[in-house]
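Fair warning: this is a prediction, and the values are worked out from it, not measured in the lab. A note on names: the letters A, B, ... follow the listed sequences, proteins ahead of strands, and every chain is numbered from 1.
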Amino acid sequence: MEISKAYDPKEAEEKNYQRWEALGFFAPEINENPHAEPFSIVIPPPNVTGSLHMGHALQHTLMDVLTRWKRMLGYRTLFLIGSDHAGISTQLMVTRQLKKEEHKSPKDIGREAFTAKVWEWKNKYGGEITRQIRREGLSVDWTRERFTMDENLSKAVRNVFVRLYEEGWIYRGTRIVNWCPKDKTVLSDLEVKEEKAKDGKLYFLKYPVLSGPGAAATGLSLTVATTRPETMLGDTAVAVNPSDDRYKDLVGKTIALPLTSREIPIVADDYVESEFGTGAVKITPAHDANDWELGERHNLEKLVVMNDDATMNAAAGPDFEGLDRYAAREKVIEKFDELGLLEKIEDYDVTLPHCERCKTVIEPLLSEQWFVNMSEMRDLALKLMREENTPRFFPEVPHKKVYTTWLENLKDWTISRQLWWGHQIPAWYDTEGNVYVARTEQEAQKQAGTHELKQDPDVLDTWFSSALWPFSTLGWNGEMTDSDDLKVFYPTDVLVTGRDILFLWVSRMVMTGMKFIGQKPFDDVVITGTVLDKNGQRMSKTKGNGIDPLDVFAKYGVDATRMTLAGSSTGVDFAWRDEKVESFRNFANKIWNATRFCLMNSEGASVSFEAGLPAAGLSLPDRWIVSRLNKTAKALDHALATYQFHEAVQLLYHFFWDDFCDWYIELVKDEITAGDVAASTRILSILEQALRMLHPFMPYLTEELWQMLPGVSSGLHNSAYSSADQTIMLTDFPVCSDALLDDAAETEMGAVIELITKVRNIRAEMNISTAIKFTVHIAANADTQNIFRSNEAQILKLARAEKLVITGDLDVPRTSAKGVTAAAAIAIPLEGLIDFDKERERLQNQIEKLDIELQRLNGQLSNENFVAKAPAEKVKELRDRQGEIGQQVTVLKQNFDVLK
RNA sequence: GCCGACUUAGCUCAGUGGUAGAGCACUCGCUUCACACGCGAUAGGCCACAAGUUCGAAUCUUGUAGUCGGCACCA
């Protein structure tokens with residue numbers, strides 16, 4: 001078979017993915033076992049406007065590893081993909097496009113035409129990300145791909161809304177909300193990000209005090225401090241702390257609010273901190289959440305002075321009407337200055353709320369919106385955590401606590417959005433403004449007894465539909481509540497996602513899952529770390545330091561990228577380095593070439609299931625590699641079951657490169673190249689098992705190579721997939737057979753490896769050319785002698801020696817280089833080649849090293865407390881080690897003395 | 001302000017009570033018939049600092065410093 005010298009991922013990636021998908025390998029229906037255990041994962045639905053980034057690639061890789069692993073173990077797996085309509089992002093994107101191409105705004109064309117345009121955009125450009133996902137090799141079931149605005153998912157949204165409304169959890173109310181003046185919509189608290197303002201200022205304004213309502217000026221003034229002077233136009237009180245002696249006498253008096261004709265009261269409230277600023281606070285109930293609450297307590301007027309675009313409205317007065325909030329701020333300050341009422345301006349570090357999406361400073365605004373009271377659902381989620389410790393977080397610390405604390409302090413969720421793209425709120429109003437919440441307009445009309453209804457123009461927060469994702473995608477829509485998929489695949493097994501949507505999404509899925517299905521949506525939640533750039537900085541568009549996964553795929557291959565991502569420690573941030581991918585690219589090439597070697601010498605041999613089993617006459621290397629394989633399978637199972645992907649990657653890397661390539665192939669190479677069919681069969685079979693273990697991580701490479709192996713067929717499939725076309729994807733995942741663990745073989749092989757390494761070490765340190773063959777004298781006990789004798793050919797080859805003299809005692813000329821291993825003493829006569837100074841130095845170094853350890857052991861073992869209190873097993877272990885090292889030191893010292 | 005994480009070899013990171021590990025980089029040697037994206041052999045660390053618990057601490061506790069993150073507040 002012709003096989004190139006280096007692995008080229010491109011061809012394998014395209015060809016194999018198409019084949020897998022076309023043959024239906026990704027769908028749960030491929031599983032023929034009616035009793036198969038289900039395993040399901042839903043992908044966090046990416047925004048339909050989004051494109052793939054490293055965070056996705058990381059999460060997706062982990063999910064696919066788990067899915068492929070479970071599928072190979074015979075589970076009926078569903079890996080579900082879909083996308084999110086992403087209300088604001090998508091609406092903004094299409095709005096921009098509309099402006100650019102037709103110079104029109106959404107308002108110009110109207111709601112219906114606009115949403116039609118968004119659908120058009122979605123169908124044409126949306127879902128770019130799902131196409132990119134195919135490149136990642138994800139084994140998702142494309143036949144079940146979902147979109148949050150699919151008919152069935154929309155129905156689920158309406159039903160959930162109506163039910164929560166009917167039960168009193170959803171309500172409409174007037175509150176101070178987070179208003180984005182640019183996007184012109186309300187946002188939930190979670191969509192607001194606090195950021196430090198660059199040049200924050202604190203303005204001290206003097207308010208003239210009147211001696212009482214309607215009374216004359218006192219000549220006194222009260223100074224208030226504010227960061228938003230423009231809001232003073234909406235002030236309806238000034239508050240001081242009731243126990244503040246400075247202002248005691250002023251409470252009950254009034255203020256002639258400058259720049260307005262209004263007179264406002266001075267009130268006392270505990271909310272005010274005397275120490276802060278001047279101890280007197282201007283109160284603007286319509287533009288500040290705290291002020292609003294204070295206003296409620298004191299029955300203050302709530303005067304709205306701004307429009308929805310953050311310009312001042314008529315109530316702000318003719319001087320200010322129409323001005324932007326920042327222009328108004330300057331003008332207010334100017335006027336105060338002119339009036340001599342500006343006391344001072346101080347620099348002040350202030351953090352301001354920003355719109356997460358467009359970065360505009362949020363304006364707190366009094367507005368009528370829809371809210372969800374989360375208390376019932378919150379309690380269900382907390383109970384689930386308290387009583388069942390579910391979901392289990394990986395890593396548990398700190399996420400369990402953060403999640404729980406957040407739930408405990410949960411506030412009402414603002415769910416209406418002033419957008420057109422999304423799930424329109426199923427509420428209708430009659431001409432008198434009465435509200436009718438219903439599943440359909442017909443139902444609402446029936447309730448209202450009239451056809452003169454207008455639907456609420458707002459849509460729901462995108463996360464409202466995402467919150468239902470684990471069950472709405474499986475067929476639940478509020479009317480159909482027991483779909484086949486729901487019965488089989490809910491709850492899902494594990495959710496893999498980033499920290500950033502722990503509150504926005506994870507917690508809400510738990511709450512809705514408990515409320516509407518009565519069951520948790522998933523058992524486990526794996527929280528991935530953040531992929532940072534090589535300097536440890538967050539990747540961001542503005543910094544331009546992002547790394548595009550597609551570029552990395554193109555450069556190093558998908559499999560190498562997957563290994564790199566999976567190789568990062570679960571939940572820990574890690575800095576991206578191309579060198580890491582490069583090393584896994586090299587690993588892929590190593591696997592390719594190891595296979596190439598096996599295939600070049602496979603005449604007459606083929607993969608054989610029995611070859612993995614021990615048989616009489618198997619050589620030490622065979623027994624050893626079988627044991628290593630099984631031990632690796634065992635550790636791999638544990639690593640994956642506990643989501644320690646990096647551990648799994650290490651195990652596979654070490655097993656394949658060190659054990660299989662560096663030792664096993666080299667040990668059996670002579671037999672293989674000599675055309676020993678039995679030996680070829682054995683190595684092909686080990687290789688085949690190794691490829692299976694690697695498959696969940698490196699799907700393309702392993703499929704490509706597996707298909708080349710002689711003797712592979714669907715006969716190697718897990719029994720659940722016996723009718724499927726042959727693929728490594730559906731083979732049985734190797735699990736450890738305890739009977740094949742062979743401690744004796746590992747110990748014996750360890751002695752051989754140590755011996756060979758020691759000889760190589762002597763050669764390297766004595767600068768003996770590999771062209772020079774020498775005799776190696778070995779002294780060891782009888783058992784060890786036998787081991788060396790029966791592996792003499794391999795030792796000679798790998799140690800590049802000509803002859804072994806295996807005895808109980810060393811009897812060698814003084815002109816020898818010496819060394820010790822745990823099991824043997826070694827001497828290599830080097831007449832004419834030996835450099836005595838160098839040899840003395842070499843021995844001295846070894847003696848010193850061992851001596852340090854020996855001293856430590858001696859110290860520990862002579863400590864009565866240690867011997868008395870440490871476990872006997874540990875004491876014995878150290879005693880054995882002490883004996884062993886003592887022996888080695890003795891031998892080395894004798895050798896050294898000979899050279900004196 | 002509250003909560004949390006991290007600090008280990010030059011770099012990026014594993015390691016959770018009992019002799020410090022990997023990959024990359026570095027040094028030395030190798031045109032060894034799968035692979036130079038390779039092979040072989042080295043070197044490199046008071047495990048941030050301090051105190052405590054323990055026979056024994058990189059690992060547990062407390063404190064300190066630095067880095068980063070989440071939440072709250074911010075007149």
Under 4.0 Å between any heavy atoms, over every strand shown, what does A:Lys669 touch: base, sugar-phosphate, or nothing? Just pick one.
base
* Pick base, sugar-phosphate or nothing for A:Val867, based on heavy-atom distances below 4.0 Å to the nucleic acid. => nothing
What's the verdict on salt bridge (charged side-chain N to carboxylate O under 4.0 Å, His left out) for A:Glu841 and A:Lys838, showing C-alpha distance, side-chain angles and the deciding distance? CA-CA 5 Å; A:Glu841 191 189 326; A:Lys838 201 166 212 164; over 6 Å; no
- Report which part of the nucleic acid A:Arg881 touches: base, sugar-phosphate, or nothing (heavy-atom distance under 4.0 Å, all strands). base
By the 4.0 Å heavy-atom rule, please label A:Glu877 as base, sugar-phosphate, or nothing. nothing
Indicate, with a heavy-atom threshold strictly under 4.0 Å, whether A:Ala870 touches base, sugar-phosphate, or nothing. base
Any donor-acceptor N/O pair under 3.5 Å between B:rC24 base and A:Ser583 side chain
no
| message | Under 4.0 Å, counting only non-hydrogen atoms across every strand here, what does A:Cys598 touch: a base, just sugar-phosphate, or nothing? | response | nothing
Looking only at heavy atoms, the pair that brings A:Gly234 and A:Pro285 closest together is O-CD, 4.2 Å
Answer for the Watson-Crick or wobble partner of B:rG21, both distances under 3.5 Å, is B:rC13
- Checking A:Arg800 against A:Phe774: charged group under 6.0 Å from the ring centre and within 45 degrees of the axis? no
Checking N1-N3 plus N6-O4 or O6-N4 for Watson-Crick, or N1-O2 and O6-N3 for wobble, each under 3.5 Å, the partner of B:rC60 is B:rG52
Between CG of A:Asn863 and P of B:rG18 the distance, given in whole Å, is 17 Å
With a non-hydrogen cut-off below 4.0 angstrom, is A:Thr757 in contact with a base, only sugar-phosphate, or nothing?
sugar-phosphate
- In sequence, state the C-alpha distance, the side-chain angles, and the governing distance for A:Lys797 and A:Asp670, and then conclude on salt bridge (charged side-chain N to carboxylate O under 4.0 Å, His left out). CA-CA 9 Å; A:Lys797 182 177 157 85; A:Asp670 282 349; 3.3 Å; yes
Checklist entry - Is A:Lys5 side chain donor-acceptor paired with the B:rA34 base, going by distance under 3.5 Å alone? => result no
CG (A:Leu565) and CE (A:Met563) are apart, to the nearest 0.5 Å, by 11.0 Å
What is the nucleic acid contact for A:Lys196, judged by heavy atoms within less than 4.0 Å: base, sugar-phosphate only, or nothing? nothing
Q. What is the nucleic acid contact for A:Leu352, judged by heavy atoms within less than 4.0 Å: base, sugar-phosphate only, or nothing?
A. nothing
Between the base of B:rA34 and the side chain of A:Glu666, is there a donor and acceptor pair under 3.5 angstrom? yes
- Would you mind classifying the nucleic acid contact of A:Thr530 as base, sugar-phosphate or nothing, using non-hydrogen atoms under 4.0 angstrom? nothing
Mate of B:rG29 across any strand shown (Watson-Crick or G-U wobble, both atom pairs under 3.5 Å) is B:rC39
If pairing means Watson-Crick or G-U wobble with both distances under 3.5 Å, then the partner of B:rA72 is none
Rounded to whole Å, CE of A:Met600 lies from P of B:rC33 at a distance of 11 Å
Checking side-chain polar atoms at under 3.5 Å, does A:Asp658 have a donor or acceptor matched by the opposite partner on A:Tyr653? no
Original post:
Quick one: the side chain of A:Arg585 and the base of B:rC37, do they pair up donor-acceptor inside 3.5 Å?
Top reply: yes
Partner of B:rG66 under the Watson-Crick or G-U wobble criteria, both distances under 3.5 Å, comes out as B:rC6
When both distances are under 3.5 Å in a Watson-Crick or G-U wobble arrangement, the nucleotide paired with B:rG45 is none
Between CZ of A:Phe574 and P of B:rC11 the distance, given in whole Å, is 19 Å
Requested in this report: Could you tell me whether A:Phe584 contacts a base, only the sugar-phosphate backbone, or nothing, with contacts defined as non-hydrogen atoms closer than 4.0 Å?
Outcome: nothing
Exercise. Under the 3.5 Å rule, do the base of B:rC74 and the side chain of A:Glu194 count as making a donor-acceptor pair?
Worked result: yes
